[in-house]
Amino acid sequence: MTSIQAIRGTRDILPSEIGNWQMIESVARQILGCAAYQEIRTPIFEQTSLFERGIGEATDVVGKEMYTFNDRGDRSLTLRPEGTAGVVRSYIEHGLHAQGGVQRLWYTGAMFRYERPQAGRQRQFHQLGVELLGSSDGRADAEVIAIATQILQTIGLKDLSLHLNSIGDASDRQHYREALVAYLTPFKEQLDPDSQTRLTRNPLRILDSKDANTQAILGNAPSILEYLSPASQTRFDALLALLADLGISSTLNSRLVRGLDYYTHTVFEIQSADLGAQATVCAGGRYDGLIPQLGGPETPAIGWAMGLERLVILLQHLQASPPSSVDFYVVSRGEAAEAQALKLAQSLRQAGFKTELDLSRSAFGKQFKRADRSGATACLILGDAEAESKTVQLKWLNSGEQSAIAQADLLANPQQLRQQLTQRST
RNA sequence: GCGAGCGUAGCCAAGUGGUUAAGGCAGAGGAUUGUGAUUCCUCCAUUCGUGGGUUCGAUCCCCAUCGUUCGCCCCA
């Protein structure tokens, strides 16, 4: 193809598949509204240093996946690879912490990572996420997880599993890191090549290596849970009890570590077995250290993000996006009738009826065929005779019944018309 | 960034080193100049992602490139 096509790793969401997207957004909006979360919209690009400092210079996301460029003023900018950093920047910049108490925020939008496209992974993708800032209470962790679960359930997904872990505070993690390195170093030569380099750069990441041999070696490795301080341990136990009390089942996974540097204590993922290699549909955790690190006041916080493309893929496995059908399909023929048809269609729309006007000027037979295919409940017919008498033929498409009615009377009783439509549509 | 598979119309597809590139769906027109089923007829790829090479000749073989799919890395 020499014609212009969408950039690699980007996708058009076409009208035929938009239904699931809109459904997810409206479900999330409704649930988050009920939980008193407020939407926040932050810019799609930010100073590069925000992500370098927030996400961590050593992470792959920052190291090799960012869309970074210099603008005409020679500032280094980056298309956001995730949502939390921007929200936190905004929180600090506008002093939202000074408004007292906790802030419950949510966002949705496009994110960008320069990666090789694959099932459930694109370069431009969409996330929906929440951030609960200003509380270190275990109930905050439980609330946020419960909301994620509720959203996923309400949009109709099943067979999801919640994986949960605590990675403690910075000092817990430091002690554990040393213990893990001490355990793995004797096996260094037997580890897969990636894990060998991670041994010095980011040893915790070895835990979720997919290499079978590495996993076998990890069988006897120390667990992070043994290195939690008493306070961290108490905190985690409390969260487990709260979740159990909410009826949310979870799997404890001491190998679960997250890719971004800012996480502390609670980390979790919600996975589907139905997505191939990209199984995680929602992931998040607590990030008590991030806000001070970005220049804000000491503020504990927790959040998560869902990958919307992945949700849509799962929904498509369940059922096709529901087709939209119209109430009235208006066919007309002849100059006067066409003009009246346009007016009639417009008044139906103003009254809230979904109305499609045939613009083809082709034979009535063709227009009826299109009416049929549009899935319309009823067809309105205007020809020379109707134009003359200011009437319209109203035809119910699934029964074929047809009757004439004065144009002026069609909307005389909109409630009744709506009722008829509901009855006659199958 | 690495590895493997694939690229024929809007969609799904068959196909072969030789020349008019099956079929189906969708679409357009007509049989039916005011009534949607069905049926029937006609039309809808000078071209097989793109560029180059081998060849008397390439959609088919080779190379490159782009895209895509799956996996690795990593992540939502």
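Lettering of chains follows the sequences in order, A, B, ..., and the numbering in each one begins at 1.
One atom, CD of Glu309(A), and another, C1' of A76(B), lie 9 Å apart when rounded to the nearest Å.
Counting atom types as modelled, Arg121(A) pairs a side-chain N or O with a base atom of C74(B) as donor and acceptor under 3.5 Å. Counting distance only, with no hydrogens placed and no angle test, the side-chain atoms of Arg205(A) and the base atoms of C75(B) include no donor-acceptor pair under 3.5 Å. A donor and an acceptor atom sit less than 3.5 Å apart, one in the side chain of Glu386(A) and one in the base of G34(B). For Lys369(A) and U35(B), a side-chain-to-base donor-acceptor distance below 3.5 Å is absent, hydrogens and geometry of angles not being considered. No N or O donor and acceptor, one from the side chain of Gln118(A) and one from the base of U69(B), sit under 3.5 Å apart.
For the pair Lys395(A) and Phe368(A), the cation-pi test (distance below 6.0 Å, angle within 45°) is passed.
As judged by a 4.0 angstrom heavy-atom cut-off over every strand, Gly9(A) is placed among residues touching the sugar-phosphate backbone only. Within 4.0 Å of Glu269(A), counting heavy atoms only, lies no atom of the nucleic acid at all.
Comparing atom distances between the Asp60(A) side chain and each of C74(B), G1(B), G34(B) picks out C74(B) as nearest. Distances were taken from every side-chain heavy atom of Asp372(A) (C-beta onward) to each of U69(B), G34(B), A37(B); the shortest belongs to A37(B). Among U35(B), A76(B), C72(B), the nucleotide with an atom closest to any side-chain atom of Ile381(A) is U35(B). The side chain of Ala119(A) lies closest to G71(B) when the candidates are G71(B), C75(B), G67(B). Side-chain proximity of Glu115(A) to the nucleotides U68(B), C75(B), C74(B) is greatest for C74(B). Comparing G34(B), C73(B), G29(B) against the side chain of Arg198(A) picks out C73(B) as the nearest. Proximity note for Phe368(A) (side chain, C-beta onward) versus U35(B), C73(B), C75(B): the nearest is U35(B). Of the candidate nucleotides C72(B), G34(B), C73(B), G34(B) has the atom nearest to the side chain of Gln393(A). For Lys395(A), counting side-chain heavy atoms from C-beta on, the closest listed nucleotide (G36(B), G34(B), G67(B)) is G36(B).
Tyr67(A) has its ring centre less than 6.0 Å from the ring centre of Tyr114(A).
In this structure, Phe364(A) does not pack face-to-face on the six-membered ring of U35(B), missing the 5.5 Å centre cutoff or the 30° plane limit.
OP1 or OP2 of G27(B) has at least one side-chain nitrogen or oxygen of Arg373(A) nearer than 4.0 Å. The shortest distance between the side-chain N/O atoms of Lys366(A) and the OP1/OP2 oxygens of A28(B) is not below 4.0 Å. At least one side-chain nitrogen or oxygen of Arg333(A) sits closer than 4.0 Å to the OP1 or OP2 atom of G34(B).
Base pairing analysis places G36(B) opposite nothing; no Watson-Crick or G-U wobble pair with both distances below 3.5 Å involves it.
The side-chain hydrogen bond (donor to acceptor under 3.5 Å, both in side chains) test applied to Lys210(A) returns no partner, not counting sequence neighbours.
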